[in-house]
Q: 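Before anything else, here's the structure in question.
Starting from 1, each residue takes its place in the sequence as its number.
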Amino acid sequence: MNLNSIFQFLVPKDTKFFPLFEQASGTLVILAETLHEAVNAPKEERENYFKKIEELENKIENITHKTQLELSKNFITPFDREDINALIKSMDNVADNMQGAASRMRLYQVEKITKSIRKLTEINLEACQLINTAVKELKDLKNHGSIKAICKKINKLESKGDVVFDKAVADIFENETDAIKVIKYKEVLSALEMASDRCKGVSNVIEQISVKHS
């Protein structure tokens, strides 16, 4: 039994941080689902989805703040304090970028939703679902193999998102003659692509935590 295993055995079962992690990752899934539903809905119905996305992003911000407060109050934590902060902040960053994409669609009054936008929201949804699964796996830090496999899938999705983004931007510059529309679509696509990058960031944090305690 190594020192990490001994320490985990001695530390009382966490009742504060893991529930907050799971609240954040679960809310992240709902946010990603709502964004995917928004881009598949008729234009006149999108406003309700956009409002819900704002509320969900605010909820994750509140969870992040609560987690940081708990860090300041608790001496004993389930793993390193900097890792706890990195994990909750990385999930918050995903939410920020997905909400940013929704905000741009709303602000720029994007009427036609392209296949690329829909594909990127689908990729982000799948990545967020995997993040939620990986966060739950962190309860048992012996599940390194399972966590590693999940993180690998998230990284593959991020690479897939890059391909979709690059092709979409190339298509816009080739086929769109309206410069204003070019800017609008590129802004939306960039926010969605950044969200997939942030999902990879979450997976990196999760895998690092897992490696430290394996």
Side-chain angles (χ1 to χ4, degrees), residues 23-65 88-132 153-204:
Q23 284 176 38
S25 63
T27 306
L28 201 57
V29 171
I30 299 170
L31 198 162
E33 285 172 346
T34 306
L35 181 56
H36 189 53
E37 288 167 2
V39 301
N40 284 284
K43 182 179 181 293
E44 59 274 13
E45 294 178 16
R46 287 180 209 148
E47 181 61 23
N48 288 333
Y49 290 106
F50 292 152
K51 285 180 180 177
K52 184 178 177 182
I53 288 166
E54 273 190 0
E55 292 168 2
L56 291 164
E57 194 271 336
N58 285 333
K59 182 177 178 181
I60 292 175
E61 275 194 0
N62 289 335
I63 295 168
T64 300
H65 181 63
I88 200 69
K89 281 297 295 178
S90 63
M91 287 192 280
D92 192 16
N93 288 337
V94 177
D96 284 346
N97 281 276
M98 287 195 293
Q99 194 276 329
S103 178
R104 285 165 175 79
M105 282 185 263
R106 189 187 201 180
L107 183 65
Y108 301 152
Q109 299 181 350
V110 175
E111 294 189 14
K112 182 184 176 183
I113 302 295
T114 64
K115 288 181 181 178
S116 299
I117 290 173
R118 290 193 180 97
K119 188 62 183 175
L120 284 170
T121 61
E122 182 183 323
I123 287 169
N124 285 332
L125 172 55
E126 189 175 346
C128 289
Q129 289 168 336
L130 288 166
I131 286 169
N132 190 38
K153 289 179 183 178
I154 295 170
N155 292 346
K156 283 185 177 179
L157 284 169
E158 188 271 338
S159 297
K160 188 176 179 181
D162 286 344
V163 172
V164 173
F165 172 77
D166 290 342
K167 186 178 183 304
V169 171
D171 287 345
I172 290 169
F173 283 115
E174 184 177 348
N175 300 311
E176 183 56 68
T177 56
D178 186 330
I180 301 288
K181 286 185 179 179
V182 169
I183 294 169
K184 287 181 179 181
Y185 281 113
K186 190 172 184 302
E187 284 281 312
V188 173
L189 289 163
S190 293
L192 291 170
E193 190 270 338
M194 182 58 74
S196 71
D197 286 348
R198 298 299 194 185
C199 287
K200 182 179 178 180
V202 179
S203 82
N204 289 341

Q: Which atom pair, heavy atoms only, marks the closest approach of L28 to C128?
A: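 Taking L28 first and C128 second, the nearest heavy atoms are CG-SG, 3.8 Å.
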
Q: Which heavy atom in L125 sits nearest to a heavy atom in V29, and how many Å separate them?
A: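 Closest pair (atom of L125, atom of V29, distance): CD1-O, 3.9 Å.
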
Q: If we only count heavy atoms from C-beta on, is the L31 to E57 side-chain gap below 4.5 Å?
A: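 They are in contact (side-chain heavy atoms under 4.5 Å apart), so the answer is yes.
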
Q: Might you point out which heavy atoms bring D178 and I180 nearest each other, and give the distance in Å?
A: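 Taking every non-hydrogen atom into account, OD1-N, 2.9 Å.
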
Q: Looking at every heavy atom in both L35 and A102, which two are closest together, and how far apart are they?
A: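 Closest approach of L35 to A102: CD1-CB, 4.0 Å.
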
Q: Is there side-chain contact between E193 and L189, with heavy atoms separated by less than 4.5 Å?
A: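 Side-chain contact under 4.5 Å: no.
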
Q: Are V202 and V94 packed together at the side-chain level, in the sense that at least one heavy-atom pair is separated by less than 4.5 angstrom?
A: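 V202 vs V94: side chains touch.
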
Q: For the atom pair CD1 (I154) and CD (Q129), what is the distance rounded to the nearest 0.5 Å?
A: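 Output value for this atom pair is 11.0 Å.
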
Q: Taking all atoms of both residues into account, what is the closest heavy-atom pair of A191 and G100, and its distance?
A: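 Taking every non-hydrogen atom into account, CB-C, 4.2 Å.
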
Q: If you compare all heavy atoms of I131 against all heavy atoms of S25, which two are closest, and at what distance to 0.1 Å?
A: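 Where I131 meets S25 most closely, the heavy atoms are CG2-CB, 4.4 Å.
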
Q: With heavy-atom distances below 4.5 Å as the criterion, would you say the side chains of V188 and I117 are in contact?
A: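 With C-beta onward as the side chain, the pair touches.
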
Q: What distance separates D96 CG from E61 CD, expressed to the nearest 0.5 Å?
A: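 Atom-to-atom, D96:CG and E61:CD are 6.0 Å apart.
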
Q: Under the criterion side-chain contact (heavy atoms from CB on, under 4.5 Å), which of Q99, M105, R106 is the partner of S103?
A: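 Only one option passes, and that is Q99.
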
Q: Please lay out, stage by stage, how I63 and M91 fare under the test side chain to side chain contact (heavy atoms under 4.5 Å, CB included).
A: CA-CA 10 Å; I63 295 168; M91 287 192 280; over 6 Å; no

Q: Is there side-chain contact between K181 and I172, with at least one heavy-atom pair below 4.5 Å?
A: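 No, too far: nothing below the 4.5 Å cut-off.
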
Q: Under a 3.5 Å distance rule, please check whether N124 uses its side chain to pair with a backbone N or O of L192 as donor and acceptor.
A: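 A pair under 3.5 Å: yes.
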
Q: Take K184 and E176 through the test salt bridge (Lys or Arg N to Asp or Glu O under 4.0 Å) and record every step on the way to the result.
A: CA-CA 11 Å; K184 287 181 179 181; E176 183 56 68; over 6 Å; no

Q: Nearest 0.5 angstrom please: D197 CG to D162 CG, how far?
A: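 Between D197 CG and D162 CG, I get 5.5 Å after rounding to 0.5 Å.
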
Q: So, do K119 and K160 sit near enough that their side-chain heavy atoms are less than 4.5 Å apart?
A: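 Yes, at least one pair of side-chain atoms sits under 4.5 Å.
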
Q: Which distance, rounded to the nearest 0.5 Å, do you find between the CG of L107 and the CZ of F50?
A: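 One gets 11.0 Å once the value is rounded to the nearest 0.5 Å.
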
Q: Answer yes or no: is there a donor N or O on one side and an acceptor on the other, between the side chain of R118 and the main chain of N40, under 3.5 Å?
A: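 Pair absent, no side-chain N/O of R118 close to backbone of N40.
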
Q: Please confirm whether the backbone N or O of E187 pairs with a side-chain atom of S190, one donor and one acceptor, at under 3.5 Å?
A: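 Such a contact is absent between S190 side chain and E187 backbone.
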
Q: Just verifying a value: how many Å separate T34 OG1 and K52 NZ, rounded to the nearest 0.5 Å?
A: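 Between atom OG1 of T34 and atom NZ of K52 there are 4.0 Å.
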
Q: Quick check: are there more than 12 heavy atoms from other residues, nucleotides or ligands sitting under 6.0 Å from CD of E44?
A: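 It does: E44 CD has more than 12 such atoms within range.
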
Q: Keeping R198 on the side-chain end and M194 on the backbone end, is there a donor-acceptor pair under 3.5 Å?
A: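 Side chain of R198 to backbone of M194: no pair is present.
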
Q: Going from SG on C199 to CE on M98, what distance comes out if it is rounded to the nearest 0.5 angstrom?
A: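 If I round to the nearest 0.5 Å, the distance is 6.5 Å.
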
